[in-house]
Amino acid sequence: MTRYKYGPWDDRYYAIIGALVGRGLLRYTKGRRGSVALVPTPQGKRLAADLANTEAWETITERCEAVAEASANMTGNTLKDLIYERLADLMDRPHREVIQ
């Protein structure tokens, strides 16, 4: 992960997102205030559901469900504030510094 202005980010995400879009599993859509967002396609939803029901993805599925449940009613700003509060030691680093 790399420290950025708005929190941690991994430069590999761009290639992964592109691969998922290219395979028809995600698509770009309009976000709020002119930003870009990603949404799963019907094919992507089916694949995610199929994977979620496998033993290999059981732990990841449980973690994702826990995060989704815990953050269900939070705004983006609330999530940002929570990340800054809980990961304060990561937020004091210079931008673009690698987080290991």
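For reference, positions follow the sequence shown, starting with 1.
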Mind checking side-chain contact (heavy atoms from CB on, under 4.5 Å) for Glu65 and listing every partner two or more places apart, or none if nothing turns up? Thr61

Could you pull out all residues at least two apart from Thr59 that satisfy side-chain contact (heavy atoms from CB on, under 4.5 Å)? Arg63

Under the side-chain contact (heavy atoms from CB on, under 4.5 Å) test, which residues partner Thr29, sequence neighbours left out? Arg27, Ala37, Val39

Going by atom type alone, with no hydrogens or angles, which donor-acceptor pairs under 3.5 Å involve a side-chain atom of residues 45-53 and a protein atom two or more places apart or on another chain?
residue, atom, partner, partner atom, Å
Asn53, ND2, Ala49, O, 3.0

State the CG-CG distance between Leu38 and Leu25, to the nearest 0.5 angstrom. 12.0 Å

Thr75 OG1 to Asp81 CG distance, which is reported to the nearest 0.5 Å: 7.5 Å

Do any side-chain atoms of residues 66-74 form donor-acceptor pairs under 3.5 angstrom with protein atoms, and if so which ones, sequence neighbours left out?
residue, atom, partner, partner atom, Å
Ser71, OG, Val67, O, 2.7

